Enquirer: 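Here you go, one structure.
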Number of protein chains: 2
Amino acid sequence: MSRPRAKLTKDFPGCPVESTLCFLDGKWKGVILFHLLEGKLRFNELRRKLPSVTQRMLTKQLRELEEAGILSRTVFPVVPPRVDYELTAAGRSLEPVISALAAWGSKNVTREDGQTVIRLAYETKTAPPERDAVDC
Amino acid sequence: MSRPRAKLTKDFPGCPVESTLCFLDGKWKGVILFHLLEGKLRFNELRRKLPSVTQRMLTKQLRELEEAGILSRTVFPVVPPRVDYELTAAGRSLEPVISALAAWGSKNVTREDGQTVIRLAYETKTAPPERDAVDC
DNA sequence: GCCCATAGTGTCGAAAAGGATACCATGAAT
DNA sequence: ATTCATGGTATCCTTTTCGACACTATGGGC
C-alpha cells in the first residue's frame with residue numbers, strides 16, 4: 001500500500017488476548033510456567049526439565065518472568081548457590097490460561113513427519129486426511 | 001511471540017502448552033483470532049480492526065494461520081477483489097483458549113506510562129503499588 | 001592444590017521477525 | 001482519461017532473538 005494511512009490511527013485499543021500473550025511470549029515461558037505450576041523449583045531442577053534450553057536462555061526467560069511479576073526469585077546466600085523460583089499470586093492466576101493451552105495442545109496437536117500439526121480429531125471428515133502443517 | 005518456536009516442539013514433543021503457543025505465535029495472531037471468533041471478515045475489515053498492522057504483516061499472519069488449518073481463505077473472483085477469512089472447525093476449537101487469554105488480559109493487564117503491566121488486582125498488597133513492567 | 005556443584009554473566013554472530021515503502025491488476029464510476 | 005477500492009507482492013533494511021561458547025565466584029571434600 002502506498003498510503004501512509006496507518007500512521008493516522010496511531011491509537012491502538014489494547015487487545016486483551018495480545019496483552020496476555022505479551023507475557024507468555026518468549027521461547028520457553030510456556031513450559032517454564034507449566035512446570036512451576038506444580039511447585040517451586042531450583043534453577044537446575046528447572047534446567048533438567050528443559051534439557052535443550054541453554055543456561056543463558058533459561059536465565060533470560062526467568063528474569064523476564066520475574067520482571068513481569070509472574071514469578072519470584074529467592075536467592076539463598078549459601079555455597080553452592082541456591083535459587084528458588086516460584087510463581088507469585090499473579091503467576092498462579094495464569095493457571096486457567098496455561099490449562100487451556102495445555103488442554104488444547106494435548107487434544108489437538110501431534111507430530112507427524114517432523115512437523116507439528118493439528119490433529120483435527122473433532123472434525124467429521126470425509127475427505128482425505130488433510131494434515132495442515134505449520135513449520136514447527 | 002515469536003522466535004523460531006519452530007524447533008521447540010522438536011525439542012519438546014511433550015509440552016502441550018508450547019504446542020499450542022506454536023500456533024498462536026506471531027505478532028498479531030491473537031487479535032486476528034479474537035476478531036474472527038465473531039464471524040467471518042474480509043481482508044480490509046480485519047485491517048480496519050487492526051489499524052497499526054501493516055498490510056504485509058497482516059497478509060503474512062493470515063497465511064500462516066491458513067496453512068496451520070486454523071482459518072480458511074475464500075477468494076471471490078470479482079472486482080474489486082473480495083477475500084473472506086473464516087475460522088475452520090480447528091480454529092473454532094481454539095475458542096476456550098482465546099477466551100482464557102482474553103479473560104486474563106482484561107482482568108489483569110493494564111497500560112501505564114506506555115508500558116504493559118500486570119494490574120495485580122487480586123493481590124492483597126500492602127507495599128507500594130509495584131508495577132511490574134514488560135517492554136511491550 | 002585441585003576438582004566439584006551451583007547459578008550465573010559476557011561476547012559474538014547467524015537467523016528470524018518485523019517495518020517502511022513501492023508497485024501491481026482489475027473494472028466500475030466519474 | 002483518471003481515479004478509486006480491494007487485496008495483495010517485492011525489496012530493502014533494522015531490530016530482535018537465539019544459540020554456541022567461554023568465563024566467573026564460592027566453599028567443601030579429597
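Proteins get letters first, then strands, A, B, ... in listed order; numbering begins at 1 in each. Quick caveat: nothing in here was measured; it's all calculated off a predicted structure.
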Enquirer: Taking the six-membered ring for Trp, are Phe23(A) and Trp104(B) parallel (under 30°), tilted (30 to 60°) or perpendicular (over 60°)?
Expert: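 Perpendicular, since the angle between the ring planes exceeds 60°.
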Enquirer: Using a 4.0 Å heavy-atom cut-off, does Tyr85(B) contact any base of the nucleic acid, only the sugar-phosphate backbone, or nothing at all?
Expert: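 Answer is sugar-phosphate: Tyr85(B) comes under 4.0 Å of backbone atoms only.
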Enquirer: Within this structure, what is the CD-to-P distance between Gln55(B) and dC24(C), rounded to whole angstrom?
Expert: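 Going from Gln55(B) (CD) to dC24(C) (P), I get 15 Å.
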Enquirer: How do Pro81(A) and Thr59(B) order along DNA chain D: which one's closest nucleotide is nearer the 5' end?
Expert: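 The answer here is Thr59(B).
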Enquirer: Which of these nucleotides, dG8(D), dG8(C), dG19(C), is closest to any side-chain atom of Trp28(B)?
Expert: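 Nearest nucleotide to the side chain: dG19(C).
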Enquirer: What is the separation between atom NZ on Lys27(A) and atom P on dA15(C), rounded to the nearest whole Å?
Expert: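 Rounded to the whole Å, the gap is 14 Å.
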Enquirer: Nearest whole Å is fine: how far is dT9(D) C1' from Arg63(B) CZ?
Expert: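 Checked: the CZ to C1' distance equals 10 Å.
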Enquirer: Without swapping roles, check the side chain of Arg119(A) against the backbone of Lys107(A) for a donor-acceptor pair under 3.5 Å.
Expert: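 Yes: the side chain of Arg119(A) pairs with the backbone of Lys107(A).
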Enquirer: dT9(D), dA5(C), dA17(C): which one has an atom nearest the side-chain heavy atoms of Lys60(B)?
Expert: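 The nucleotide sitting nearest to the side chain is dA17(C).
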Enquirer: Taking all non-hydrogen atoms of both residues, which atom of Gln61(A) and which atom of Lys27(A) are closest, and how far apart?
Expert: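 Reported closest heavy-atom pair: OE1-N, 3.4 Å.
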Enquirer: Separation of Arg82(B) atom CZ from dG8(D) atom C1', in whole Å?
Expert: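 That distance rounds to 17 Å.
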Enquirer: Could you report the tightest heavy-atom contact between Ala90(A) and Ile118(B), atom names first, then the distance?
Expert: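 Closest pair (atom of Ala90(A), atom of Ile118(B), distance): CB-CG2, 4.2 Å.
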Enquirer: For nucleotides 11-16 of chain D, read 5' to 3', which letter fits each nucleotide if B means a protein heavy atom sits under 4.0 Å from the base, S means only the sugar-phosphate is that close, and - means neither?
Expert: B-----
Enquirer: Would you mind reading off the distance between Lys29(A) atom NZ and dT17(D) atom C1', rounded to a whole angstrom?
Expert: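 That distance rounds to 11 Å.
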Enquirer: Hey, mind stepping through Phe43(B) and Leu62(B) against side-chain contact (heavy atoms from CB on, under 4.5 Å) and telling me if it holds?
Expert: CA-CA 9 Å; Phe43(B) 184 80; Leu62(B) 287 168; 3.8 Å; yes
Enquirer: Measure CD/Glu66(A) against C1'/dA7(C) and give the value in whole Å, please.
Expert: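 Distance check: Glu66(A) CD to dA7(C) C1' gives 14 Å.
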Enquirer: Quick one: Glu64(B) CD to dA16(C) C1', roughly how many Å, whole number?
Expert: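 Checked: the CD to C1' distance equals 11 Å.
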Enquirer: Distance from Glu18(A) atom CD to Leu50(B) atom CG, nearest 0.5 Å?
Expert: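 The distance works out to 9.0 Å.
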Enquirer: Tell me which nucleotide among dC18(D), dG19(C), dG27(C) gets nearest to the side chain of Val79(B).
Expert: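 Between dC18(D), dG19(C), dG27(C), the one nearest the side chain of Val79(B) would be dG27(C).
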Enquirer: Where is the tightest heavy-atom contact between Ser93(A) and Asn108(B), given as atom of each residue plus distance?
Expert: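 Closest pair (atom of Ser93(A), atom of Asn108(B), distance): OG-ND2, 4.3 Å.
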Enquirer: Please report the distance, rounded to the nearest Å, between CG in Leu62(B) and P in dG7(D).
Expert: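 It works out to 11 Å between those atoms.
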Enquirer: Taking all non-hydrogen atoms of both residues, which atom of Ala102(B) and which atom of Val17(A) are closest, and how far apart?
Expert: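 So the minimum-distance heavy-atom pair works out to CB-CG2, 3.8 Å.
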Enquirer: Of all the heavy-atom pairs spanning Pro16(B) and Ser106(A), show the shortest one and how long it is.
Expert: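 That closest heavy-atom pairing would be CB-OG, 3.4 Å.
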Enquirer: Side chain of Gln61(A) only, please: which of dC18(D), dA7(C), dG8(D) is the nearest?
Expert: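 Of all the options, the side chain of Gln61(A) is nearest to dC18(D).
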Enquirer: Side chain of Ser72(A), backbone of Glu86(A): donor and acceptor closer than 3.5 Å?
Expert: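 Pair found, side chain donor or acceptor close to backbone of Glu86(A).
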Enquirer: Please list, by residue number, the residues of residues 35-47 of chain A whose heavy atoms come closer than 4.0 Å to an atom of DNA chain C; answer none if no residue qualifies.
Expert: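 Nucleic-acid contacts, sorted: Arg42(A), Phe43(A), Asn44(A).
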Enquirer: At under 4.0 Å, does any side-chain N or O of Arg48(B) touch on OP1 or OP2 of dA5(D)?
Expert: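 No.
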Enquirer: From dG8(C), dG18(C), dA5(D), pick the nucleotide closest to the side chain of Met57(B)?
Expert: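 My answer, after comparing the listed nucleotides, is dG18(C).
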